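Only one structure is covered here, and it is reproduced in the block below.
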Amino acid sequence: MSRFLNVLRSWLVMVSVIAVGNTVQSFRDHSFLSEKLYTGTPEFVNGLQARTFGIWTLLSSIIRCACAIDIQNRTLYHITLWTFVLALGHFLSEAFIYKTAPLTIGVMAPLIVASFSVIGMLIGFQCFPETEEEVGARQKKRN
């Protein structure tokens, strides 16, 4: 396995652990979201929304950790990449479309993590060994 994929695995584990902390915080006290993320409209944040955010974050954490364990599983790798794309889309839309999450440090952190993760995972595609199907297709084209 390439060195880059090993670094990516460590990154995924670290992001997963941080996400578990965010999940716990979302369940403990929903004011965490209104004070750190959705500061544009804190009145929209309630316990139900915080718990939903917490479950979404926990699911993303589990997927990312599973990918770190089995990083050469292409399907899991794609799903993990999509967790970061969805997070990036969510925070960008909340910041620029819905205006519920102004660009504070609380919003910039997940935007930066999601952006670096998407870029890292796209680079990681280059480190995957070719599958037998890809080798066979390449040889078939050559003939």
Side-chain angles (χ1 to χ4, degrees), residues 1-139 141:
M1 182 180 331
S2 78
R3 181 180 174 116
F4 184 83
L5 286 180
N6 281 329
V7 170
L8 185 58
R9 290 173 83 179
S10 298
W11 173 259
L12 290 172
V13 169
M14 181 187 72
V15 170
S16 294
V17 169
I18 292 169
V20 170
N22 288 336
T23 297
V24 170
Q25 190 68 20
S26 293
F27 277 92
R28 265 192 50 228
D29 181 15
H30 75 270
S31 67
F32 161 75
L33 291 177
S34 60
E35 293 171 2
K36 302 289 183 202
L37 292 175
Y38 304 107
T39 57
T41 53
E43 66 275 7
F44 288 174
V45 179
N46 59 36
L48 175 61
Q49 194 264 342
R51 290 186 302 274
T52 302
F53 182 87
I55 289 296
W56 169 53
T57 304
L58 181 61
L59 177 60
S60 294
S61 174
I62 291 168
I63 292 169
R64 293 165 185 169
C65 192
C67 183
I69 292 167
D70 188 13
I71 200 157
Q72 293 188 351
N73 180 327
R74 287 177 183 262
T75 302
L76 186 55
Y77 194 92
H78 283 100
I79 292 169
T80 303
L81 173 59
W82 276 105
T83 67
F84 289 114
V85 170
L86 290 172
L88 186 61
H90 169 74
F91 287 109
L92 286 173
S93 67
E94 293 300 328
F96 296 110
I97 297 171
Y98 303 112
K99 310 271 194 259
T100 59
L103 292 178
T104 63
I105 190 68
V107 175
M108 290 300 293
L111 284 174
I112 291 168
V113 168
S115 298
F116 277 112
S117 299
V118 167
I119 292 166
M121 292 197 76
L122 290 173
I123 293 170
F125 275 126
Q126 306 304 313
C127 301
F128 271 77
E130 284 188 312
T131 64
E132 292 177 18
E133 295 166 351
E134 291 169 340
V135 171
R138 193 168 27 87
Q139 287 175 348
K141 277 186 179 179

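Start at 1 with the first residue, then count along the sequence. As the structure is a computational prediction, the values presented were derived from the model and not from experiment.
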Specify the closest pair of heavy atoms between [X] and [Y], including all atoms of both residues, with the distance to one decimal.
| X | Y | result |
| --- | --- | --- |
| Ala50 | His30 | CB-CB, 3.3 Å |
| Gly106 | Leu37 | O-CD2, 2.9 Å |
| Ala68 | Val13 | CB-CG2, 3.6 Å |
| Cys127 | Ser2 | CB-OG, 3.3 Å |
| Gly120 | Phe4 | O-CE2, 3.3 Å |
| Pro102 | Thr39 | CD-OG1, 3.3 Å |

Non-hydrogen side-chain atoms of [X] and [Y] separated by less than 4.5 Å:
| X | Y | result |
| --- | --- | --- |
| Asn22 | Phe32 | yes |
| Tyr38 | Glu94 | yes |
| Tyr98 | Thr41 | no |
| Leu103 | Leu111 | yes |
| Cys65 | Leu12 | no |

If you measure from [atom1] on [X] to [atom2] on [Y], what distance do you get to the nearest 0.5 Å?
| X | Y | atom1 | atom2 | answer |
| --- | --- | --- | --- | --- |
| Ser16 | Ile69 | OG | CD1 | 9.0 Å |
| Leu81 | Leu76 | CG | CG | 11.5 Å |
| Thr104 | Glu35 | OG1 | CD | 11.5 Å |
| Arg9 | Met14 | CZ | CE | 15.5 Å |
| Ile71 | Ser10 | CD1 | OG | 9.0 Å |
| Asn73 | Thr80 | CG | OG1 | 8.5 Å |

Verify, without hydrogens or angle tests, whether [X] (side chain) and [Y] (backbone) share a donor-acceptor contact under 3.5 angstrom.
| X | Y | value |
| --- | --- | --- |
| Tyr77 | Met121 | yes |
| Ser117 | Val113 | yes |
| Arg51 | Gly47 | yes |
| Ser34 | Pro42 | no |
| His90 | Leu86 | no |
| Thr23 | Leu58 | yes |

Quiz item: Does the gap between the ring centers of Phe84 and Phe116 come in under 6.0 Å?
Solution: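 Centroid separation for Phe84 and Phe116: 6.0 Å or greater.
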Quiz item: Taking the six-membered ring for Trp, are Phe125 and His78 parallel (under 30°), tilted (30 to 60°) or perpendicular (over 60°)?
Solution: tilted
Exercise. Would you please test Leu33 and Ser26 for side-chain contact (heavy atoms from CB on, under 4.5 Å) and show each step?
Key: CA-CA 7 Å; Leu33 291 177; Ser26 293; 4.3 Å; yes
Quiz item: Does the pair Arg64 and Thr83 meet the rule for a side-chain hydrogen bond (donor to acceptor under 3.5 Å, both in side chains), with working shown?
Solution: CA-CA 8 Å; Arg64 293 165 185 169; Thr83 67; 3.0 Å; yes
Quiz item: Given Arg74 and Phe128, is the side-chain contact (heavy atoms from CB on, under 4.5 Å) satisfied, shown in steps?
Solution: CA-CA 9 Å; Arg74 287 177 183 262; Phe128 271 77; 3.5 Å; yes
